[in-house]
Amino acid sequence: MPVAPLVTLDHVDVDLAGSPVLRDVTWQLLRGEHWGIVGANGSGKSTLLGLIAGTIWPAPGRGMRRYDFGAGTETDAVRARSEIVLVGHELQDRYARMAWNFTALDVVLSGIYRTDIPRRGPAAGQRDRALAVLRRLGVASLAPRRFLELSRGEQRRVLIARGVALEPTVLLLDEPASGLDAGARLELDAMLALVAEEYTVVCAAHVPDDLPTLISRYLNIDRGRIEAFERNPRERAVIAQADKTRTDAAERETAPAPGSGVPLIELTRANVWLAGRRVLHDVTWRLMPGEHWLVTGANGSGKSSFLRVLHGQLRPALGGTATWPALGSPRDVWELRQDVAWVSPELQAAYRYPATVRACIASGFTSSVGATREPTADEEGRIDELLEELELAPLAERLLSTLSYGQARRALLGRLLANRPRVLLLDEPWEGLDAPTAELWNAALERVAAAGTQLVCASHLPTHRSHFTHELALEEGRIVRAGPTGAG
């Protein structure tokens, strides 16, 4: 007899907060099939994943959702919640927001316990089982390391291992390749190929090229409606390998950073340690007037730690210095942050204050998470200006928590620009953004750079390089290349 589909969606609508999000979705997932879901920010990808996972319900009387995991058809989602596991940004962001700094091994063990965090000591055999999952997926070396000291890409791979430890029937992945460099994407592909041998995989991405090679079919979702397509399973691997080849062919000579006058920021023999691990080694570097720097390197190379030193979040160990001479040598971090603004996926994760988009932008004037005072009349004008520039005016009174990932990132860009800072620190600013949203970011960066703000941006992407005059390449916390890009 034919095997029943694991998941059946039959003309399903979904409304959220009274607004239509999905319309007339009809689709089936068979055991052993591997599907992609492709769409822009705000198109409904995450809502569709939630509908499949059973965390979001169809609109009453408008379509039917059915499950069959071998014990007959079910219309409720009780069993689905244990058979289907979603690995996305939400849990990763929650670890950052709650400062849950467990070891990677403990994170995987929490999957065995079916909890968000480890709540007890492992029973006999559970530790070995968690280590076996990490070894099988090629990340055993991360087992003793603390989750919050891992790179964004390393965290993602640990959370996928946690999802595998739950032993689901279906593994849902929400943009797993977002924020990963070319080499890490190849490693992710190899990991997911192993996962797909035992589990049914559904993966969301902005474009088909960001889907793992194991995905042969995908749903394109546009304004809540879906259409199915076939995909060449070799396509993704070819693109990733080309990117990695270009990265490997890059020169590795070190050049001094040029410039004259007084530096805005200067690091001298900066060594930085996190949880007993050295993340930056003898870094000497200057940001001179008129320069815009792109900081490159693989996941875990020290890019984020470098930006955090520039922002005053981390300080060099004894014998090294971080100074801000042209910014008046600020007396404390709050004074510094009037001139040096920072945005990252971790800030987006931490920003769960119940604020509207307007209030989020307003918080940029005080460098706080959430507005701490009423904005002045001039500040209100600046907020209105940013809402228009970033195409956020229709969303101004929406809570940040109700926005798509890309929409929330735009709101944080508005927060970043509120004070017209002298220096913008951008940590993987294009992570999780579709092409139209990335274009909006690029236009905003061009405007602020033309107005005199200087950019220091950490990114592994080979695109979006036109803003930068200089490049700093890091490898295992060391500078391996520093000098002009030839772009400016």
Side-chain angles (χ1 to χ4, degrees), residues 5-9 12 14 16 21-22 25 27-39 41 43-58 65-69 74 77-95 107-108 110-111 114 116 133 137 155-180 188-189 191-208 210-221 224 226 228 231 236 404-405 432:
L6 294 168
V7 183
T8 299
L9 303 177
V12 171
V14 173
L16 294 179
V21 179
L22 298 179
V25 173
W27 174 74
Q28 291 183 334
L29 176 65
L30 297 177
R31 190 181 296 269
E33 287 186 336
H34 307 301
W35 280 83
I37 299 173
V38 172
N41 293 123
S43 62
K45 299 191 305 296
S46 296
T47 301
L48 182 53
L49 288 177
L51 179 65
I52 296 167
T55 58
I56 291 175
W57 283 84
R65 175 183 60 192
R66 297 187 297 274
Y67 299 103
D68 193 328
F69 300 104
E74 304 169 8
V78 174
R79 186 170 178 185
R81 298 293 295 275
S82 61
E83 297 281 354
I84 301 177
V85 170
L86 172 60
V87 179
H89 297 279
E90 182 178 340
L91 182 58
Q92 186 170 6
D93 291 349
R94 195 183 313 150
Y95 270 80
V107 172
V108 176
S110 73
R114 294 188 172 270
D116 286 347
V133 170
L137 300 183
Q155 290 177 357
R156 192 83 41 80
R157 295 171 70 197
V158 169
L159 289 177
I160 290 173
R162 175 188 176 276
V164 169
L166 281 157
E167 297 186 338
T169 299
V170 180
L171 188 65
L172 307 180
L173 305 173
D174 194 357
E175 299 185 25
S178 177
L180 302 190
L188 177 68
D189 257 6
M191 171 192 282
L192 294 181
L194 294 171
V195 171
E197 292 177 2
E198 296 185 38
Y199 308 105
T200 299
V201 176
V202 179
C203 177
H206 288 311
V207 294
D210 283 341
L211 294 171
T213 56
L214 62 97
I215 302 295
S216 59
R217 286 183 288 179
Y218 66 91
L219 301 173
N220 186 71
I221 185 166
I226 65 170
R231 175 176 177 268
R236 169 69 186 86
S404 74
Y405 194 81

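Computed from a predicted model, the values in this text were never measured in an experiment. Heads up: numbering here begins at 1 and tracks the sequence.
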Handout entry: Those residues that, when tested against Y199, pass ring-ring contact (aromatic ring centres under 6.0 Å, His included) (two or more places apart)
Key = none
Exercise for the section: Could you grab the distance from atom CD of Q28 to atom CD of E33, nearest 0.5 Å is fine? Expected result: 8.5 Å
Handout entry: Note, Y67 side chain near R79 side chain (heavy atom, < 4.5 Å)
Key = no
Problem - Set of side chain to side chain contact (heavy atoms under 4.5 Å, CB included) partners for A196, sequence neighbours left out - result: H34, V201, L214
Exercise for the section: Decide whether S110 and R162 meet the rule of one side-chain donor and one side-chain acceptor closer than 3.5 Å. Expected result: yes
Practice task
Taking all heavy atoms of G36 and all of I215, pick out the closest pair and write down the distance.
Solution key: N-CG2, 3.4 Å
Handout entry: Validation row: L137, V195 side chains within 4.5 angstrom (heavy atoms)
Key = yes
Handout entry: Non-neighbouring partners of E167 that pass side chain to side chain donor-acceptor pair (under 3.5 Å), sequence neighbours left out
Key = none
Problem - Nearest non-hydrogen partners of I37 and Y218, listed with the distance - result: N-CB, 4.5 Å
Fill in the blank from the handout: Residues G44 and V21: closest non-hydrogen pair is CA-CG1, 4.3 Å
Exercise for the section: Measure the acute angle between the ring planes of Y405 and H89, then classify it against the limits of 30° and 60° as parallel, tilted or perpendicular. Expected result: parallel
Completion exercise
For P212 and L192, the nearest pair of non-hydrogen atoms, with its separation, is CG-CD1, 3.4 Å
Handout entry: Heavy-atom check, side chain of L29 versus side chain of P5, under 4.5 Å
Key = no
Handout entry: 4.5 Å side-chain heavy-atom contact, V202 and V7
Key = no
Completion exercise
Closest non-hydrogen atoms of A165 and V108, given as atom of the first, atom of the second and distance, are CB-O, 3.7 Å
Problem - Nearest atoms (heavy-atom pairs only) where P208 meets V38 - result: CD-CG1, 3.8 Å
Problem - Side chain proximity check, E83 to V170, heavy atoms < 4.5 angstrom - result: no
Exercise for the section: Please assess Q92 against V87 for the test side chain to side chain contact (heavy atoms under 4.5 Å, CB included), listing each intermediate value before the final yes or no. Expected result: CA-CA 9 Å; Q92 186 170 6; V87 179; over 6 Å; no
Exercise for the section: Measure the CG-CG distance between L194 and D189 for me, rounded to the nearest 0.5 Å. Expected result: 11.0 Å
Practice task
Spell out, as yes or no, whether a donor-acceptor pair under 3.5 Å connects the side chain of R65 to the backbone of I52.
Solution key: no
Practice task
Please round to the nearest 0.5 Å and tell me the distance separating atom SG of C203 and atom CH2 of W35.
Solution key: 14.0 Å
Exercise for the section: Only counting residues at least two apart or in another chain, list the ones meeting side chain to side chain contact (heavy atoms under 4.5 Å, CB included) with R94. Expected result: E90, L91, R97, M98, W100, D116
Practice task
Would you check if D68 and T8 make a side-chain contact, meaning some heavy-atom pair closer than 4.5 Å?
Solution key: no
Problem - S46 side chain reached by D174 side chain, heavy atoms, under 4.5 Å - result: yes
Handout entry: Residue list, side chain to side chain donor-acceptor pair (under 3.5 Å) with S43, at least two apart or on another chain
Key = none
Handout entry: Reported CG-to-CG distance for the pair L86 and L159, which is rounded to 0.5 angstrom
Key = 11.0 Å
Exercise for the section: Check whether any side-chain heavy atom of I56 sits under 4.5 Å from a side-chain heavy atom of L22, and report yes or no. Expected result: no
Exercise for the section: Take V25 and L219 through the test side chain to side chain contact (heavy atoms under 4.5 Å, CB included) and record every step on the way to the result. Expected result: CA-CA 11 Å; V25 173; L219 301 173; over 6 Å; no
Practice task
Drop me the distance from L211's CG to E175's CD, to the nearest 0.5 angstrom.
Solution key: 10.0 Å
Problem - Residues that R81 engages under side chain to side chain contact (heavy atoms under 4.5 Å, CB included), provided they are two or more places apart - result: T55
Problem - From L48, T47, L49, residue fulfilling side chain to side chain contact (heavy atoms under 4.5 Å, CB included) relative to L51 - result: L48
Fill in the blank from the handout: One should read off an interatomic distance between L9 CG and I226 CD1, to the nearest 0.5 angstrom, of 7.5 Å
